[in-house]
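Chain A is the first sequence line, chain B the second, and so forth, proteins listed ahead of strands; every chain is numbered from 1. Just so you know, these numbers come straight off a predicted model, no measurement behind them.
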Amino acid sequence: MSTALKKERKPQRPPRGGLATMVEAIRAGIWEEMERDPAVFLIGEDVGTYGGAFKVTEGIIDHFGPERVIDTPIAEAAIVGAACGAALMGMRPVAEFQFIDFISCGFDLLTNYAAKCRYRWGANIPAVFRGPCGSGVRSGPFHSLNPESFFTNTAGLKIVEPSTAYDAKGLIKAAIRDPDPVLYFEHKKLYRLPRLREELPEDDYIVEIGKARTRREGRDLSIITFGAQVLTALDAAEELEKEGLDVEVIDLRTLAPLDKEAILGSVKKTSRALILHEASLTGGIGGEIAAIISAEAFEWLDAPVVRVASLDTPVPYSPPLEDYYLPQVKDVVDAARKLAAY
Amino acid sequence: MRISTKYAPRKPPEGKPRSCITDTSLTHEQMLELYRFLKLTRLVEERIVNLYRQTKVVGGVYRSLGQEATAVGSAYALRPDDFITPIIRDLGAVFVKGIRPREILAQYMAKAWGPSGGKDLNVHFGYLDKGFLGPISHLGDMIPVMTGILLGARMQKKDIVGLAYIGDGGASTGAFYEGMNFAAVQRLPLIVIAEYNHYAYSTPTSSQTAVRNLVERAAAFGIPGYIVDGNDVVACYEVTKQAIDYARKGRGAVLIEAKTYRRKGHAEHDDQRYVPAGEIEYWEKHNDPIDRFEKFLLDQKVATQEKLDEITAAVMREIEEDSEWAESSPMPEPEGAAYGVFDNSIVPPAFRPKVLES
Ligand SMILES: Cc1ncc(C[n+]2csc(CCOP(=O)(O)OP(=O)(O)O)c2C)c(N)n1
Ligand SMILES: [Mg+2]
């Protein structure tokens with residue numbers, strides 16, 4: 001595009017409520033927190049003028065200025081470390097990974113520094129580390145990651161991943177206000193999905209970290225999932241309904257600490273549990289959830305706990321490969337049928 | 001360590017258009033080959049954009065428009081068994097290394113016949129026998145890997161050098177520093193081309209580093225540095241040749257900074273709103289590497305315009321043929337996703353386990 005043709009940009013303060021996609025909801029949540037608390041600031045690659053690779057932070061620099069929206073060099077270790085230091089000083093950094101795949105470059109500081117400060121010497125790190133995760137958009141092995149299980153085995157990091165615009169806003173606000181480090185994963189496929197557009201309340205609200213949400217009530221079996229796979233689960237549930245199966249869908253929303261009460265409550269009601277996630281099966285968070293269920297709801301179960309997840313491979317690029325890699329509605333429906341018939 | 005500015009960009013005399021340096025050991029035949037690679041790079045990328053507009057490309061399109069000379073000129077100084085590891089803007093170097101347009105086109109279309117069989121994107125593959133080591137997305141990571149290639153080669157008494165490319169942004173990563181430092185202290189024959197193309201995605205180089213020239217970092221590694229006019233393909237060739245000579249003698253690593261300009265956005269979707277008005281047009285009009293080399297070839301009577309047109313026509317024919325080949329490739333079979341994580345004669349393919357069937 002010719003440089004002469006560029007559009008004028010005005011900082012658009014997001015409306016308090018109204019219809020919002022997930023990306024708009026996250027932006028509104030960040031914006032409101034920055035208005036509420038001068039300690040909140042943004043740090044990351046291309047988050048300023050460009051507004052981030054997915055435009056999550058678009059317009060924020062125009063309103064709040066470059067002191068509070070800091071474009072960094074390509075240096076994730078520096079981003080995480082600097083966020084930790086600023087947080088120790090009482091600031092509230094919201095750090096962005098351009099793609100969540102690059103969180104690996106900040107892994108050391110996240111798992112060794114951010115996660116362990118409070119435990120070691122009582123100093124808390126109120127920082128948010130966010131970024132686009134997830135596959136299904138033909139981005140190949142390095143722009144498709146679902147990294148939650150790299151971190152669930154590290155004590156000291158909270159992990160959230162919304163699947164609705166409402167939750168996205170409520171969770172980003174809760175994460176910013178939280179006294180401890182929070183990893184906030186945003187499935188890139190959901191950012192602008194029209195299906196997720198919803199009316200948001202005008203009032204200030206948060207979604208409490210550590211609380212799951214029942215997205216669909218049912219009696220016959222529970223699908224426990226989160227992120228973009230909530231949509232797969234809901235689609236599967238609709239199909240199963242036609243066959244007379246009444247499926248409950250639990251959206252975890254927080255992956256650490258897990259809402260055991262919600263998981264166990266649902267499973268005790270339905271007696272059948274299917275865990276669905278987009279990361280590879282082996283070592284995924286599904287194993288942890290299955291262990292909790294079998295240890296604490298064994299007597300209520302009428303069937304083994306089953307897991308549906310992606311292949312134990314990197315995320316391949318080509319559409320037929322990626323579709324095969326990912327759990328599809330059909331895989332969930334098949335598994336649910338067998339589970340119900342068990 | 002001194003920084004050589006012998007090949008640095010120079011302002012042309014008032015009113016004169018830019019050309020290329022004339023002090024060169026390149027033969028006329030070699031120059032025409034360089035010209036072919038420059039045109040091939042630009043025209044293949046244009047073909048990829050066309051395919052993208054026809055929605056035949058899966059994923060993003062990354063251009064090296066305006067910086068083709070850096071990749072082509074530098075890689076041309078290598079011997080066949082030397083190694084390169086490019087970044088996304090170095091398609092030209094990939095072609096110099098003997099990779100064919102059809103392979104790149106098939107990669108962009110995520111086809112089965114692409115070298116990665118649809119598992120990965122664009123230049124993300126490799127041929128060890130050709131000395132081509134494709135990158136991963138994570139910037140900086142290939143510098144230490146190339147260091148290891150050279151370490152291995154030295155242990156095997158192989159006389160090769162490694163040419164690695166890094167962006168002005170990628171040079172901010174920890175991996176870049178660790179790899180450079182390690183190669184330097186081991187005196188490995190690593191030549192790194194740092195491409196100062198003014199932007200890393202939307203971030204100007206002035207927000208990326210406090211040094212004015214990326215090459216100033218050579219001092220931190222204790223290695224020699226060069227600045228080269230990255231839009232002068234002859235200068236890029238000559239400077240890399242000098243660095244290779246130095247490295248091959250066992251004297252160690254070299255950092256070369258190429259001054260160039262990224263005329264397109266980070267990827268095809270980028271509207272370049274962060275670019276000051278007129279900047280792109282300036283580089284297009286006054287500092288296009290292919291225009292400059294054409295002028296050089298004509299002025300130096302290396303070739304006539306007809307000869308250059310002939311080369312371009314041959315390139316077009318090759319691209320036509322290769323596009324057809326790539327388009328005729330099937331998409332990969334879905335089940336292929338499960339293969340190749342490990343040696344499948346030891347560990348079986350990673351099929352999705354059947355639920356409640358035993
Ligand atoms: C470690 C890491 N962080 C972030 C990214 C996302 N990213 C991809 S390309 C890019 C900009 C690269 O700029 P530069 O290194 O100057 O290369 P250029 O695109 O200009 O050739 C960024 C930030 C990445 N690939 N790797
Ligand atoms: Mg750059």
*Around atom CD of B:Glu333, are there more than 12 heavy atoms of other residues, nucleotides or ligands at under 6.0 Å?*
no
*Near A:Phe102 CZ, under 6.0 Å, is it more than 12 heavy atoms from other residues, nucleotides or ligands?*
yes
Choice from [options] maximising heavy atom contacts with chain B below 4.5 Å:
{"options": "A:Ala75, A:Ser310, A:Ala309", "value": "A:Ala309"}
{"options": "A:Val315, A:Val308, A:Asp331", "value": "A:Asp331"}
{"options": "A:Glu76, A:Glu322, A:Arg307, A:Gln98", "value": "A:Gln98"}

*Just say parallel, tilted or perpendicular for the rings of B:Tyr201 and A:Tyr50, cut-offs at 30° and 60°.*
tilted
Please classify the contact of [X] with chain B as side chain, backbone, both or neither, using a heavy-atom distance under 4.5 Å.
{"X": "A:Asp312", "result": "both"}
{"X": "A:Leu339", "result": "both"}
{"X": "A:Ala341", "result": "neither"}

*Heavy-atom contact with chain A under 4.5 Å, split by part of B:Tyr339*: neither
*Please flag which part of B:Tyr108 lies under 4.5 Å from any non-hydrogen atom of chain A: side chain, backbone, both or neither.*
backbone
*Look up atom NE2 in B:His138 and atom CG in A:Asp101, then write down how far apart they are to the nearest 0.5 Å.*
5.5 Å
Under a 4.5 Å cutoff for heavy-atom pairs, which residue among [options] has the most contacts with chain A?
{"options": "B:Lys354, B:His124, B:His266, B:Gln208", "answer": "B:Gln208"}
{"options": "B:Glu335, B:Met109, B:His269, B:Lys111", "answer": "B:Glu335"}
{"options": "B:Asp141, B:Thr173, B:Thr205", "answer": "B:Thr173"}

_Quick check: do B:Leu356 and A:Pro304 have side-chain heavy atoms less than 4.5 Å from each other?_
yes
*Should B:Thr203 and A:Glu45 count as side-chain neighbours, where that means a heavy-atom distance under 4.5 Å?*
no
